[in-house]
Amino acid sequence: MPVEVALARLLEMAAATPILQRERLPLAQLQGRILAEDLLSTLDLPPWPNSAMDGYALRLSDWTGEPLVVSQKIFAGTAPPPLQPGTCARIFTGAPVPAGADCVEMQENAEVQPDDRVRFIQAMGVGQNIRPQGQETTVGEQVLAAGTRLGPIEQGLAASLGCAELEVIRKVRVAVLSTGDELIEPGQVLGPGQIYNSNRVLLCSWLQRLGCEVIDAGILPDDLPTTRARLGQFNDVDLILSTGGVSVGEADFLGIALREEGELTLWKLAIKPGKPLTFGHFRGVPVIGLPGNPASTLVTFALLTRPYLLRRQGVRDVEPLKFQVPAGFDWPMAGNRREYLRGRLENGRAIIYKNQSSGVLRSAAWAEGLVEVREDRTLAEGESVGFIPLSEVLG
Ligand SMILES: Nc1nc2c(c(=O)[nH]1)N[C@H]1C(S)=C(S)[C@@H](COP(=O)(O)OP(=O)(O)OC[C@H]3O[C@@H](n4cnc5c(N)ncnc54)[C@H](O)[C@@H]3O)O[C@H]1N2
Ligand code: MOO
Ligand SMILES: [Mg+2]
């Protein structure tokens, strides 16, 4: 199954099982959370016309070329009386423009005369250096749409409208399982045949960055009865996310467990790394089984699982930014799977890590992005490839 077909199906299933519960949280706790309802402005922004410059406010029709008397001084945070006709007002950036004034001249273009009157040295225009009331938003306007993922900019925008709290979708609950008899946790002494579990911490910390509630379910031995029993423990999560045990080996049990007590919906994608990615249900709970090889885990989480989790929370734009760049390498063998090589940009061209084995996580630590090479064709240096920055998918 082509990657885009698998992604479309995953997103359809995610949209069909949206997370609907909401919670109201203070602004500072909203990083990475999903807005549950449209944010409408309850005020005009700015609430009143204000000065964009330190200088003088005047009514342009009062200006004859003769110096004007300064009738008041207006600082930000004050509420000035109307401008006296035939005068100007000293004004500072952010201060309200007084009624009657229709122009602000910056002080660099004004000369204070010995008698304290001010001469304006060049032509001015109505509205100049005035930020009009409501230029950013007006009462009732939609400022953010439901389904927006909140970050520093959206938090700042909500604050500018005076919102102290927002209604967001509750966190997605994800149970993370690492399958494999060979796995032990870092900090322990490595025995014969063992390797350290790297997928567990990789996924748990990534999920946390995405704003998920993580249930770290540890290591699952390669054994069918234990697999069944362990999967059955998570009937209150939104997703069980496992790694390993999804290929065709005699120690790969996830697909069997899903077939027996649920459904195996997707298996075997035309993606490299990541071919045996598995999606299904176990006793009604959605399960994504990522392939165990660390680079396969990374790629299939970035390109399929992350969009799935975001769509479950109602996010519309779930696919990461991808742009085309010339390849700085040859890829002489046409594969039948779309490849996501770990690469970097150098002088505007994509270059790739020397070892693209799906077991080599170091390739991703070196990389700045995933370099997309199309299936069924060879690639010559200088031809175009897709580039998905890792920074796009990690947060
Ligand atoms: N006969 C075939 N064999 C394989 C095929 C195939 O089509 N036919 N596909 C290969 C591909 S592609 C992949 S990818 C792997 C996926 O295998 P599994 O998802 O079943 O994963 P495991 O066999 O359990 O492990 C694969 C590899 O990754 C290491 N691993 C697993 N978990 C972790 C972890 N938490 N931290 C670090 N490393 C981990 C594991 O030791 C294995 O080396 O199957 C191919 N085989
Ligand atoms: O698809 Mo596997 O992930 O190549 O190693
Ligand atoms: Mg296996």
Side-chain angles (χ1 to χ4, degrees), residues 1-3 6-7 174-188 190-207 214-224 226-227 230-231 240-259 264 266-280 287-305 331 333-343 352-353 355-365 367 370-375:
M1 181 184 283
V3 185
L7 178 61
V174 184
V176 176
L177 274 171
S178 315
T179 76
D181 284 341
E182 72 277 35
L183 302 178
I184 62 163
E185 291 304 331
Q188 296 177 265
L190 211 55
Q194 294 185 318
I195 59 165
Y196 290 116
N197 182 357
S198 60
N199 289 337
R200 176 187 188 179
V201 69
L202 181 147
L203 288 177
C204 289
S205 78
W206 199 343
L207 286 162
V214 182
I215 295 106
D216 178 355
I219 293 171
L220 172 65
D222 292 322
D223 158 77
L224 186 56
T226 317
T227 302
R230 191 71 74 81
L231 291 175
I240 299 173
L241 181 62
S242 69
T243 59
V246 288
S247 183
V248 291
E250 292 183 13
D252 295 331
F253 294 113
L254 189 81
I256 300 174
L258 298 189
R259 279 204 186 96
L264 181 63
L266 298 178
W267 187 45
K268 291 192 177 166
L269 312 187
I271 184 173
K272 186 175 180 183
K275 175 172 68 171
L277 178 115
T278 298
F279 178 81
V287 179
I288 293 181
L290 305 178
N293 281 311
S296 316
T297 291
L298 173 111
V299 167
T300 50
F301 186 87
L303 300 182
L304 297 153
T305 314
W331 200 249
M333 284 202 304
N336 55 8
R337 297 186 268 162
R338 192 167 305 166
E339 296 210 29
Y340 292 92
L341 307 170
R342 277 71 68 207
I352 54 172
Y353 191 70
N355 186 334
Q356 293 290 332
S357 158
S358 57
V360 176
L361 186 57
R362 196 171 165 192
S363 60
L370 299 175
V371 179
E372 184 185 62
V373 177
R374 308 288 304 190
E375 54 273 48

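Counting starts at 1 for both ligands and their atoms, in listed order.
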From Ser358 atom OG to Lys275 atom NZ, the distance as rounded to the nearest 0.5 Å: 10.0 Å
Between CG on residue Leu290 and CG on residue Asn199, distance to nearest 0.5 Å: 8.0 Å
Separation between CG of Asn197 and CD of Glu185, rounded to the nearest 0.5 Å: 4.5 Å
Distance from atom 13 (C) of ligand 1 to nearest protein heavy atom, with residue and atom: Asn293 ND2, 3.7 Å
Pairing of Arg338 and Glu375 as salt bridge, 4.0 angstrom limit: yes
Per-atom contacts of ligand 1 with Tyr196, taking only distances under 4.0 Å to non-hydrogen atoms: 36 (N), 37 (C)
Heavy-atom proximity to atom 40 (C) of ligand 1, best of Lys275, Gln194, Glu182: Glu182
Which atom pairs, nitrogen or oxygen on both sides, join ligand 2 and the protein at under 3.5 angstrom?
residue, atom, partner, partner atom, Å
ligand 2, 1 (O), Gly274, N, 2.6
ligand 2, 1 (O), Lys275, N, 2.9
ligand 2, 1 (O), Arg337, NH1, 2.8
ligand 2, 3 (O), Gly274, N, 2.5
ligand 2, 3 (O), Ser296, OG, 2.5
ligand 2, 5 (O), Asn293, ND2, 3.4
ligand 2, 5 (O), Ser358, OG, 2.4

For the Mg ion (ligand 3), the closest N/O/S atom belonging to Asp252: OD1
From CD1 (Ile288) to OG1 (Thr300), nearest 0.5 Å: 8.5 Å
Criterion side chain to side chain contact (heavy atoms under 4.5 Å, CB included) on Arg342 and Gln356, from CA distance to verdict: CA-CA 7 Å; Arg342 277 71 68 207; Gln356 293 290 332; 3.2 Å; yes
Part of Pro291 with heavy atoms under 4.0 Å of ligand 1, whether side chain, backbone, both or neither: both
Atoms of ligand 1, numbered as shown, that sit under 4.0 Å from any heavy atom of Val246: 18 (P), 19 (O), 20 (O)
Distance filter under 4.0 Å to Ser296 heavy atoms, resulting ligand 1 atoms: 14 (S)
Which residue and heavy atom of the protein sit nearest atom 33 (C) of ligand 1, plus the separation: Asn199 ND2, 3.2 Å
Nearest heavy-atom neighbours spanning Ser178 and Leu183: CB-CD1, 3.8 Å
N or O contact, Val248 vs ligand 1, cut-off under 3.5 Å: no
Gap separating the CG atom of Asn293 from the CG atom of Leu298, nearest 0.5 angstrom: 12.0 Å
Side chain to side chain contact (heavy atoms under 4.5 Å, CB included) between Ile184 and Tyr196, worked out: CA-CA 5 Å; Ile184 62 163; Tyr196 290 116; 3.7 Å; yes
Pick from Gly244, Pro273, Ser198, Pro276: the one approaching atom 11 (C) of ligand 1 most closely through a non-hydrogen atom: Pro276
Identity and distance of the protein heavy atom lying nearest atom 35 (N) of ligand 1: Asn197 OD1, 2.8 Å
Identity and distance of the protein heavy atom lying nearest atom 38 (N) of ligand 1: Ile195 CD1, 3.4 Å
Closest heavy-atom pair and its distance - Ala295, Val360: CB-O, 4.3 Å
Part of Leu183 with heavy atoms under 4.0 Å of ligand 1, whether side chain, backbone, both or neither: side chain
Nearest neighbour in protein (non-hydrogen) for atom 4 (C) of ligand 1: Ser247 OG, 3.3 Å
Protein residue, atom and distance nearest to atom 23 (O) of ligand 1, heavy-atom basis: Asp252 OD1, 3.9 Å
Ile352 vs Trp331 side-chain heavy atoms within contact, under 4.5 Å: yes
Step-by-step side chain to side chain contact (heavy atoms under 4.5 Å, CB included) determination, Thr278 to Val287: CA-CA 8 Å; Thr278 298; Val287 179; over 6 Å; no
Heavy atom of the protein closest to atom 18 (P) of ligand 1 (residue, atom name, distance): Gly245 N, 3.5 Å
Gap separating the OG1 atom of Thr227 from the CG atom of Asp222, nearest 0.5 angstrom: 7.0 Å
Please list every donor-acceptor pair under 3.5 Å in which a side-chain atom of residues 245-255 meets a protein atom from a residue at least two apart or in another chain.
residue, atom, partner, partner atom, Å
Asp252, OD2, Ser247, N, 3.4
Asp252, OD2, Val248, N, 3.3
Asp252, OD2, Gly249, N, 2.7

Protein heavy atom at shortest distance from atom 25 (O) of ligand 1: Gly292 CA, 4.0 Å
